[in-house]
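Each ligand, and each atom within it, is numbered from 1 in the order the structure gives. Residue numbers start at 1 and run along the sequence shown.
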Amino acid sequence: MKEKSETNLSLESTPTNFIRHIIDEDNRNGKWNGRVETRFPPEPNGYLHIGHAKSICLNFGIALNYGGVCHLRFDDTNPEKEAQEYVDSICASVSWLGFDWGDHLYYASDYFDQLYEFAEYLIKQGKAYIESLSADEIREFRGTLTSPGKNSPYRDRPIEENLDLFRRMKAGEFPDGQYVLRAKIDMASPNINMRDPVIYRIRHVHHQRTGDKWCIYPMYDYTHCISDALERITHSLCTLEFEDHRPLYDWVLDQLVDKVPCHPQQIEFARLNLTYTIMSKRKLIELVENKLVDGWDDPRLSTLAGVRRRGFTPRSLRLFADRIGISKADSWIDMSILEDCLREDLNESAPRRVAILKPLKLIIDNYPENQQEDCFAPNHPQKPEWGKRTIPFSKTLYIERDDFMEVPAKGYFRLSPGAEVRLRYAFIVKCVQVDKNAQGEIEAVHCTYDPDTKSGTPGAESRKVKGNIHWLSAQHAQAAEVRLYDRLFIDPYPDSGDKNYKALLNPDSKQIITAYAEPALCDAQPEQRFQFERNGYFVADRVDMKPSKPVFNRAVTLRDSWGKVAGA
Ligand code: ATP
Ligand code: MG
């Protein structure tokens, strides 16, 4: 199930934050005897997204830095919505990000027996009771933020009767919804979560791990704190929306002080909000099910499966997590910060290659018809140790259509009639003629070349020209499918409020073209990433790449052009 990560995680320097300060303080005063145990607790009801990556990097990163451990725990208490498919994909994503849970893979369902025992214990202590009111009535009795709740008429049901009903609930005697078990706390509490929350409900459904053993399932708030305590978690890190649940977390563990090994500290941090994307599980599922995207790993989605296929590296996501940091206040992070992290990583790590995305034929009139010769291009301009590769040169080439202008705009230094440019790693050429078809469209440009200017030969670089463009020999270039991806939404906040996010989809977020690639690119391995010189960073598609039919996805452009294009 575990997948080998691409990167060896070293202890990269991580900026400090308020959570690390708490841990440092605990270590100083010996609260946990130096022990640091965290957990990442996804519910297996969907694919992970980039917000989860923040939480994964935080939890696993802390364990790594403090010599502790981080557990991967599936919070599988809602069997209707959960599936093994999600468990598998979550494991794959955490491994891919570069983290290792070792032997610490757990499921909340592992604790169903204990959770049940503890519930009986609470009943016996007079701390929980069986409710006969309907869900609607419970809601009505609960009160509001401004008015206190009312006690249920069943709140003082005798302990023996509670115990009997709870056991019969477990035995399957009652239909869904007939009873629930509630914690007996305080219906007048200003915190609604403390107004006798439901801790068990009846659900006659099959569970993917416990099968048909149970027809009652514990609620999240009750399960989570106990799971943490049983696993001896020291710091239970969660997002801010759980702040109001912390008193309940503590209440449950306080009741069970003699039953569980420790009382972990819940600490909340702000969730990641990222512009131009959505992260709500419900909306992600809608996008996939309504086929508005091409599945869970659509490279435009913010799912980890999606960004992986898009070409993001695990290191770029960890860099992103470090850069945005951890705080107590909600804020929005601009998509360009994420994209910059990828550029930063790939600028270092991606070999350079040449591809022509929008080809225009260039014919060198004074180059012999059947001749060809080798040119040599560095695999990385700053890393001579990466060596060079051969790019064949011949009479008929392809250049980018944008690298020619019949009537050059002011400041345009690329090719135009009469102008000279350097063909990178090759010769200086001069444009002498333009071929047009009957519609007046440019079909080819003709040039002459200067044989004394070949890059890498003595004296060749003495003549300077301003333009420097890339090219491929037409007879050697390989056709490749290139998928030009862009942001999925045109609106920076498609996920917020009650916006109709489906109306905000970017119609140009996916464009498929046939490009020409240099011969070396046919050997690319799936998921190998490259800089296509002057065109951006691309990845060989991990699903569709084949030597006979290369497929590349654009991960990110070389520079942030979105601000200009969208006017955002
Ligand atoms: P839901 O509650 O709708 O199932 P969820 O996104 O909270 O969705 P979980 O599986 O419960 O999904 O999340 C697992 C962990 O990831 C939780 O600890 C949660 O706080 C954290 N998490 C989820 N979304 C974000 C986010 N945008 N930023 C940071 N952490 C997140
Ligand atoms: Mg959640």
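The pair R487-D508 does not meet the salt-bridge criterion, since no charged nitrogen lies less than 4.0 angstrom from a carboxylate oxygen. Salt bridge R39/D228: present, at least one basic N to carboxylate O contact under 4.0 Å. Salt-bridge check for D294 with K510: passed, with a basic side-chain N closer than 4.0 Å to an acidic carboxylate O. A salt bridge links R209 and D110; the closest N-O separation between the charged side-chain nitrogens and carboxylate oxygens is under 4.0 Å.
Every N/O-N/O distance between F242 and ligand 1 stays at or above 3.5 Å. Note: no N/O pair closer than 3.5 Å links K54 and ligand 1 by distance alone. Residue L272 places at least one N or O, backbone or side chain, under 3.5 Å from an N or O of ligand 1.
Counting only non-hydrogen atoms, the option in A53, S280, P42 that gets closest to atom 14 (C) of ligand 1 is P42. When the options L237, I56, L58, T239 are ranked by their closest heavy atom to atom 19 (C) of ligand 1, first place goes to T239. Between R73, R282, R271, R39, it is R271 that holds the heavy atom closest to atom 24 (N) of ligand 1.
Proximity to K281 (heavy-atom distance under 4.0 Å) selects the following atoms of ligand 1: 1 (P), 4 (O), 5 (P), 8 (O), 9 (P), 10 (O), 12 (O). Residue contact check: E43 has heavy atoms under 4.0 Å from atoms 4 (O), 9 (P), 10 (O) of ligand 1.
Neither the backbone nor the side chain of N273 comes within contact range of ligand 1; no heavy atom lies under 4.0 Å.
The six-membered or imidazole ring of F74 lies away from that of Y86, with a centre-to-centre distance of 6.0 Å or more.
Around atom CD1 of I512, more than 12 heavy atoms belonging to other residues, nucleotides or ligands sit under 6.0 Å away.
Taking the six-membered ring where the residue is Trp, H263 and Y249 present tilted rings, their angle falling between 30° and 60°.
Distances from ligand 1 to the non-hydrogen atoms of H49 include at least one value under 4.0 Å.
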